[in-house]
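A quick write-up on the structure given underneath.
Whatever order the structure lists them in is the order used to number ligands and atoms, beginning at 1. Any value given below was found using the heavy atoms of this structure, including those in side chains, with hydrogens, waters and symmetry copies removed.
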Amino acid sequence: MRPVIRAAVAADLPALVALDEVCFGATAWSEVAWADEFERLTEDRVVLVADSGSVVGYVVLLLPPVVEDVVEVLRIAVAPGERRTGIGGQLLTIALERCTGRTVLLEVAAGNESAIGLYAGFGFAQISRRRGYYPGGEDAVIMRWREEA
Ligand SMILES: CC(C)(COP(=O)(O)OP(=O)(O)OC[C@H]1O[C@@H](n2cnc3c(N)ncnc32)[C@H](O)[C@@H]1OP(=O)(O)O)[C@@H](O)C(=O)NCCC(=O)NCCS
């Protein structure tokens with residue numbers, strides 16, 4: 001059964017912290033950092049979760065209220081056992097529905113083939129690169145998406 005994509009609520013916080021740890025390990029956001037994202041929901045954040053009884057994926061957008069301002073995909077992840085079943089695509093579809101007419105940027109490790117494959121499939125184009133950006137020296141690739149209204 002395909003998960004439901006819905007806005008995150010405060011009760012999702014523990015599940016998000018736990019799943020982020022599984023997906024990002026040393027670079028996972030702390031509970032405090034996640035709580036901060038939730039506090040910004042009324043300001044400039046969108047947090048969506050994929051819910052199939054439990055949280056199996058999520059996406060976090062920085063979506064400033066000023067339409068000329070750039071949107072950023074801050075995070076997207078799917079539980080390891082659920083990957084390659086379309087959930088990342090479901091999350092990104094719903095997220096990008098909020099972004100019509102806006103420019104969306106993201107930054108991804110150059111070797112992250114799954115994420116780059118996902119983004120490219122949605123029409124994100126590689127526009128720039130930050131050499132040696134990540135600890136360990138991996139490059140960051142900057143990708144941009146824009147769909148006119
Ligand atoms: C990136 C990520 C969110 C993709 O989620 P997912 O649910 O597996 O993605 P989907 O099943 O919707 O895949 C959609 C498309 O993305 C591309 N894709 C996904 N995984 C891929 C892989 N391992 N290799 C190449 N392309 C891949 C494919 O084009 C795929 O379409 P297809 O299955 O029809 O070929 C997931 O791999 C993940 O959580 N990775 C760890 C966290 C991370 O690196 N996040 C991004 C940085 S913030």
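Pairs of residues two or more places apart, or lying in two chains, that qualify as side chain to side chain donor-acceptor pair (under 3.5 Å) and include a residue from residues 64-84 are Asp20-Arg75. Counting only residues at least two apart or in different chains, ring pair (Phe, Tyr, Trp, His ring centres under 6.0 Å) contacts with residues 33-54 comprise Trp29-Trp34, Trp34-Tyr58.
Ala95 and Val59 make their closest contact through CB-CG1, 4.2 Å (heavy atoms, listed as atom of the first residue, atom of the second, distance).
At a 4.0 Å heavy-atom cut-off, the residues surrounding ligand 1 are Phe24, Ile76, Ala77, Val78, Arg83, Arg84, Thr85, Gly86, Ile87, Gly88, Gly89, Asn112, Glu113, Ser114, Ala115, Gly117, Leu118, Tyr119, listed by chain and number.
Cluster partners of Ile142, using a side-chain heavy-atom cutoff of under 4.5 Å among ILVMFWY residues and allowing indirect links, are Val70, Leu105, Ile127.
There is no path of hydrophobic side-chain contacts, each under 4.5 Å, that joins Val4 to Leu48.
Annotation for Arg6: atom CZ counts as buried by contact number, over 12 foreign heavy atoms lying within 6.0 Å.
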